[in-house]
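Working notes, structure below.
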Amino acid sequence: QVQLVESGGGLVQAGGSLRLSCAASGRTFSGYAMAWFRQAPGKEREFVAGTRRSGRTTYYEDYADSVKGRFTISRDDAKNAVYLQMNSLKPEDTAVYSCAAAGSYNIVSTNGDGFDYWGQGTQVTVSS
């Protein structure tokens, strides 16, 4: 049984930092794309950051324009985990953050296509 479990969410003041963790179990995701998405009340699900293969051997990171320079995605394949370091948080970052993992080596999309496994999400609330 494949599971993705997020942790690290909480309440933080604007300008503060949080680090989200996503632990996967049930299979390895080494070499597969993994990403973070978020969804705020009344809003569409939004891509935040992702890590994917570029070429044969390296990972490439992608970021939404709204978080570039503030958020950093990283992964530890030995631990089957992906992380999201969030700095300089803003109230508009408030959302439920979910991690996702691809189920194949096929192309993935920022709309969520290609990500076959999803965690339950963790709440991030940023106060002004």
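By convention here, the first residue in the shown sequence is residue 1. Because only heavy atoms are used, hydrogens play no part in the values below, and waters and symmetry mates are left out as well, while side chains stay in.
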Contact check, side chains of Met34 and Arg75, non-hydrogen atoms, under 4.5 Å: yes
Considering all heavy atoms, the nearest Ala24-Leu4 contact: CB-CD2, 3.2 Å
Salt bridge (Lys or Arg N to Asp or Glu O under 4.0 Å) contacts in which one or both residues fall within residues 111-128, not counting sequence neighbours: none
Min side-chain heavy-atom separation Thr122-Leu20 under 4.5 Å: yes
Remaining members of hydrophobic cluster (4.5 Å side-chain criterion), Leu11: none
Hydrophobic cluster identity match, Val96 and Trp36, side-chain contacts under 4.5 Å: no
Inter- and intrachain pairs under ring pair (Phe, Tyr, Trp, His ring centres under 6.0 Å), touching residues 51-107, at least two apart: Tyr32-Tyr105
Same apolar cluster (I L V M F W Y, side chains within < 4.5 Å links), Phe29/Val108: no
Check: Gln123 and Thr94 side chains under 4.5 Å, non-hydrogen atoms: yes
Test item: Val124 and Leu18 side chains (from C-beta on) under 4.5 Å apart, heavy atoms: yes
Minimum-distance pair of heavy atoms, taken over all atoms of Ala14 and Pro91: CB-CD, 4.1 Å
Qualifying residues under ring pair (Phe, Tyr, Trp, His ring centres under 6.0 Å), relative to Phe37, sequence neighbours excluded: Phe47, Phe115, Trp118
Sequence-distant partners of Arg70, salt bridge (charged side-chain N to carboxylate O under 4.0 Å, His left out), two or more places apart: Asp93
Contact list for residues 3-22, test side-chain hydrogen bond (donor to acceptor under 3.5 Å, both in side chains), sequence neighbours left out: Ser17-Asn87
Side-chain heavy atoms of Lys90 within contact of Val126, under 4.5 Å: no
Heavy-atom side-chain contact between Arg45 and Ser98 under 4.5 Å: no
Distance, nearest 0.5 Å, that separates OG of Ser25 from CZ of Arg27: 11.5 Å
Spacing of Cys99 atom SG and Leu84 atom CG [to the nearest 0.5 Å]: 10.5 Å
Separation between CD of Glu92 and CZ of Arg38, rounded to the nearest 0.5 Å: 8.0 Å
Any Ile73 side-chain heavy atom under 4.5 Å of Asp62 side chain: no
Nearest atoms (heavy-atom pairs only) where Asp77 meets Ser30: OD2-OG, 3.5 Å
